[in-house]
Amino acid sequence: MDTFYTDLLCVGAGLAGERVAVAAASAGFETICLSIVPPRRSHSSAAQGGMQASLGNCCKGEGDCPDVHFADTVKGSDWGCDQEVARLFAETAPVAVREMAFWGIPWNRVVPGKGIYYKAGKEYEKIEKREMEGMITARDFGGTAKWRTCYTSDGTGHTLLFTMDNEVVHLGVTVHDRVEVLSLIHDGQTCMGVVARCLKTGKLRVYLAKATLIATGGYGRIYRETTNCVINNGDGTIVTLDTGIVPFGNPEAVQFHPTGIVPTNILVTEGCRGDGGTLKDVNGERFMHIYEPGKQELASRDVVSRWMTHHMRLGKGVPSPYGPHLWLDIRHLGAHHIKTKLREVEEICNEFLDVDPITQMIPVRPAHHYSMGGVRTNKDGAAYGLKGLYAAGEAACWDMHGFNRLGGNSLAETIVAGRIVGEKISEFLQGYEVDFKTSIIQAEVKKQQEKINNLVSGKNGKENVYEIKAAMGDELMDRVAVFRTGAELQKAVDNLQVIYDRAKRIGLSSKPVGANPELSMALRMPGMVRLALCTAYGALMRTESRGAHAREDYPERNDRDWLKRTLAYWKSEDDTLPTLEYEKPSKVWELPPGERGYGSSKIICTEDPEICTPKPETN
Amino acid sequence: MGRTLKFNIFRFNPEDTAAVPRMDTFYLEETDAMTLYIALNRIREEQDPALMFDFMCRAGICGSCAMMINGKPDLACHTKTKKLPSEITLMPMPVFKLIGDLSVDTGTWFRGMNEKVQSWVHTRKTFEPHAPEERMDNALADEIYELERCIECGCCVAACGKANMLPEGFMGATAFNRVARFMMDPRDERTNDQYFEVVGNEDGIFGCLGLLGCEDMCPKKIPLQDQLGVLRRKMGFSQVKHLFKAVMPGK
């Protein structure tokens, strides 16, 4: 058995994982990153539009500051976030953006003088100040009071990830790519590392670490139609849930992005609407101004996705062999703008749709996009329940997003959380020692080997893994999507329990030599169905509407009864449902619950004096 | 529509001691807007679950899925079957180490490349968290981004005559593009002489045969030919200087 020892093990080498690795390596700690793909291929690379930071350099961002960014983030979350974390995030984001500039990001910069921009399809003029020339500029994004989203064309995730990996190479951090995690090694109190499988040879490995970070991103592949890439299967979320000790925070908080292209669900950036693109219906008419006279196309993603779905339900969708869709129109932005600021969008439209966005409209509809839920941590990124276990980025429920994440806040979270959590892990590692118990390590390896043996021999059954994956994806897509009802959610839970039973009886149909892909999928499939069950069951139990969780049978945001975060546990392997507990979403209520300023939710107010009275920040 | 596609796919699993390299044939009914991403996943899910290939973003952004498609390197995810004949031959990219079937180890190769060219901003400054950023002209930022768009897919390497002759040593256009990117970045304090140490040799820019398969096959259409030209001129100048120093020590 290949066994590796290290101070810090980062499971996942996207932006969050690598930023933590850079922090720990800079502090002198030995760090290994595991990644299921070469690190520069991580899904962070697909983020397009940009990252929010309140630099306030461009004229439309004047007067911006962390206070405004904080307030936008809390409103965006529909008061579901942890306000201490949101504050920490907003304060650190400008530093993080400048640090990335220092490391080499070619951020787009302020060009002084007159310029035109588009909003709601109309042309306006702006004048950038001479004294701000060459400072980092920003574009408009949904749900924000200022232009705050810093960008490099529409390849922001790509440049961030390459630059971060440059630092990883610079510092000599070890990266083991093509390795998948199978389980955490722990004794009920302390995390000691992971059992993993090499995807070059198919062999099991043990990694022993003083601290282990989960940074495996989202788990969107439990849905049939998602913008997420094919590796977003939630491996890190699964292995933490499997401990029975670490909770999965807010599994029902799932974001649908307004502009997935039809039929492939590839994302086109919110920057399209931020830069002035409009949404149109079957008659070629705009409609968002009817529903949201203020923010129009630039309300938060949950709100825009709901109105788009509503509009299509009214029969205003464009019929297609793949079901109805709407149009995204960026033609008026012009060839120059599209060819410099929306290059990837142009390429995606040309290559995957045969559509030229300079002269044609883009077929779009809401698609699953982001997991607000994840491994529940405190504000230091330390997971609940196990010492030495951390999480950061989309994999974590750190929880600055609550029930809806703002566009541009996920790239920002990876860098900001990575920076903060990396420092906290370095403090934790200072002088920390852990006993690696061989009996526990051996037992965990044996358990994983047995799982593989059973899949190979077909001891538990001969169910086909791909059929189970498809059935799970259909269930979530059809019943746990943009709009939800108790009856449909109950059906989803019932059906997913049947699917879960089948998932335990998977058998391989191919010869499992080397990095067999069927075995990889089979090993994680029961875990994926557990994540799906947490999502559906969490949604069924939450009898209110908040952010992206929209219950048609409970349309009010109920702050009186539901101003709380779901904590889902999978306590025993024999359970067929998660155990749900709840906690207050925030200890600090700097911004007491109120109207978001977009969306049309009715609110049942809380009378808790602790929550209603604004309190200053505590740190 | 209505075509039956015949796929000839290279098969070899190095972990299987009994295996010998072979070609397997699969048939699929072509569907509307079919890409090789859709086709290969259908073959795996419906016909051969052991078939190895790599996809990640399936949107032409991550660079995972480069392979030889009817003899030419390209990203499988953005390749539509309707642009191909009904018989499609898929091979793994050469130069890179084979993992199995269509999957090759680009990760190790590119980590090596990034180490060789020291792909990071070299500066003696330290980051000041509370100072404003250094200014940069937006036009320059755009120019850097143009070269920064490389996704490390490996198509330029697979298409390179020299890399195919010297798979262990030759750096390839992707490395030259990276060096050119840092050369134009004022934040990087390296001198031409320091870059010369990295690429001024036969494994580097002087080993390039000028065949330009890289330029032709880059799926992101990065202007590689221009970078080769710039680098060759600058490094040629440094080489003359080096020779001069060798002849007249002390200068």
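Order of the sequence lines sets the chain letters (A, B, ...), proteins ahead of strands, with each chain counted from 1. Given the structure is predicted, the values throughout are model-derived calculations rather than measurements.
- Among A:N464, A:V97, A:I136, A:L353, the residue with the largest count of heavy-atom pairs under 4.5 Å with chain B is A:I136.
- Contacts of A:V111 with chain B are made by side-chain atoms alone, with heavy-atom separations under 4.5 Å and no backbone atom involved.
- The two residues A:F352 and B:R58 have their closest heavy-atom pair at CE2-O, 3.7 Å.
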Worked check of salt bridge (charged side-chain N to carboxylate O under 4.0 Å, His left out) between A:K511 and B:D48: CA-CA 10 Å; A:K511 194 173 151 193; B:D48 189 341; over 6 Å; no
Stepwise salt bridge (charged side-chain N to carboxylate O under 4.0 Å, His left out) check, B:K220 with A:E347: CA-CA 9 Å; B:K220 302 303 274 188; A:E347 208 173 283; 2.7 Å; yes
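- For chain A, no part of B:P14 is nearby; none of its heavy atoms comes within less than 4.5 Å.
- Counting heavy-atom pairs closer than 4.5 Å to chain A, the top-ranked of the candidates B:P132, B:A19, B:G63, B:G60 is B:G63.
- Comment: B:K80 engages A:D354 in a salt bridge, judged by a side-chain N to carboxylate O separation of less than 4.0 angstrom.
- B:A131 touches chain A through its backbone: at least one of N, CA, C or O sits under 4.5 Å from a heavy atom, while the side chain does not.
- Each of B:I38, B:D188, B:T106 has some count of heavy-atom pairs under 4.5 Å with chain A, and the biggest count is that of B:T106.
- Heavy atoms of A:V168 lying under 4.5 Å from chain B belong to its backbone as well as its side chain.
- For chain B, the option among A:E518, A:Q48, A:M135 with the highest count of heavy-atom pairs below 4.5 Å is A:M135.
- Heavy-atom distances place both the backbone and the side chain of B:T108 under 4.5 Å from chain A.
- Looking at B:L51, the atoms closer than 4.5 Å to chain A (heavy atoms on both sides) all sit in the backbone: N, CA, C or O.
- The minimum heavy-atom distance between A:N166 and B:R178, with the atom names listed, is OD1-NH1, 4.4 Å.
- Donor-acceptor pairing under 3.5 Å is lacking for the side chains of A:S153 and B:R149.
- Residue contact with chain A, scored on non-hydrogen atoms closer than 4.5 Å, is absent for B:T17.
- Between B:W120 and A:H170, the ring planes are parallel. Angles under 30° get that label, and only those over 60° would be called perpendicular.
- For B:D54, the part lying under 4.5 angstrom from a heavy atom of chain A is the side chain only.
- Only the side chain of B:D142 comes within contact range of chain A, judged by heavy atoms closer than 4.5 Å.
- For B:C77, the parts sitting under 4.5 Å from any heavy atom of chain A are the backbone and the side chain alike.
- Looking at B:N114, both its backbone and its side chain come within 4.5 Å of chain A, counting heavy atoms on both sides.
- Between B:V121 and A:W103 the shortest heavy-atom distance is CG2-O, 3.5 Å.
- The choice from A:G104, A:A470, A:P38 that makes the most heavy-atom pairs within less than 4.5 Å of chain B is A:G104.
- Heavy atoms only, all atoms of each residue included: A:F102 and B:F127 are closest at CZ-N, 3.6 Å.
- Using a 4.5 Å cut-off between heavy atoms, B:Q118 makes no contact with chain A at all.
- Highest contact tally toward chain B, considering only A:L519, A:I348, A:T201, is held by A:T201 [criterion: heavy-atom pairs under 4.5 Å].
- Proximity to chain B (any heavy atom under 4.5 Å) is shown, for A:T340, by neither the backbone nor the side chain.
- Contact annotation for B:K82: only side-chain heavy atoms (C-beta onward) come within less than 4.5 Å of a heavy atom of chain A.
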CA sep, side-chain torsions, deciding dist, call: A:E351, B:T35, side chain to side chain contact (heavy atoms under 4.5 Å, CB included): CA-CA 10 Å; A:E351 293 185 358; B:T35 60; over 6 Å; no
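- Each of B:L140, B:D185, B:N13, B:D101 has some count of heavy-atom pairs under 4.5 Å with chain A, and the biggest count is that of B:N13.
- The side-chain heavy atoms of B:Y37 and A:T264, taken from C-beta on, include no pair separated by under 4.5 Å.
- For the set A:E167, A:M132, A:R40, the entry with the most heavy-atom pairs within less than 4.5 Å of chain B is A:R40.
- With chain A as partner, the option from B:E46, B:H122, B:M52 having the largest number of non-hydrogen pairs under 4.5 angstrom is B:M52.
- For a residue to count as touching a neighbouring chain, one of its non-hydrogen atoms must lie under 4.5 Å from one of that chain's; by this rule A:V37 touches chain B with the side chain only.
- For a residue to count as touching a neighbouring chain, one of its non-hydrogen atoms must lie under 4.5 Å from one of that chain's; by this rule A:E99 touches chain B with backbone and side chain alike.
- Residue B:R187 touches chain A through its side chain alone, counting heavy-atom pairs closer than 4.5 Å.
- When heavy atoms are compared at a cutoff of 4.5 Å, A:L508 does not approach chain B at all.
- Put simply, of B:E152, B:K221, B:E115, the one with the most heavy-atom pairs under 4.5 Å next to chain A is B:E152.
- Only the side chain of A:D177 comes within less than 4.5 Å of a heavy atom of chain B; its backbone N, CA, C and O stay farther away.
- B:E133 and A:N57 share a donor-acceptor pair across their side chains, judged by distance under 3.5 Å alone.
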Intermediate values then yes/no, salt bridge (charged side-chain N to carboxylate O under 4.0 Å, His left out), B:E45 and A:K469: CA-CA 11 Å; B:E45 292 180 16; A:K469 186 160 183 275; over 6 Å; no
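- Taking all atoms of both residues into account, the shortest heavy-atom contact from A:S45 to B:M56 is OG-CE, 4.4 Å.
- Side-chain contact between A:K200 and B:E15 is absent, with no heavy atoms from C-beta onward closer than 4.5 Å.
- Remark: the backbone N or O of B:C62 is not paired with any side-chain donor or acceptor of A:H43 at under 3.5 angstrom.
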Working for salt bridge (charged side-chain N to carboxylate O under 4.0 Å, His left out), residues B:E146 and A:R343: CA-CA 10 Å; B:E146 182 72 25; A:R343 296 184 60 157; 2.5 Å; yes
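- Within the 4.5 angstrom heavy-atom criterion, no atom of B:F53 approaches chain A.
- The most heavy-atom pairs under 4.5 Å with chain A, out of B:C57, B:G107, B:S119, come from B:S119.
- Taken from CD1 in B:I61 to CZ in A:R41, the straight-line distance is 13.0 Å, to the nearest 0.5 Å.
- A 4.5 Å side-chain heavy-atom check between A:I105 and B:E148 finds every atom pair outside the cut-off.
- Taking all atoms of both residues into account, the shortest heavy-atom contact from A:R109 to B:N138 is N-OD1, 2.7 Å.
- One finds the CZ atom of A:R178 at 3.5 Å from the CD1 atom of B:I99 (value rounded to the nearest 0.5 Å).
- When A:E131, A:E467, A:M521 are compared by the number of non-hydrogen pairs under 4.5 Å with chain B, A:E131 comes out ahead.
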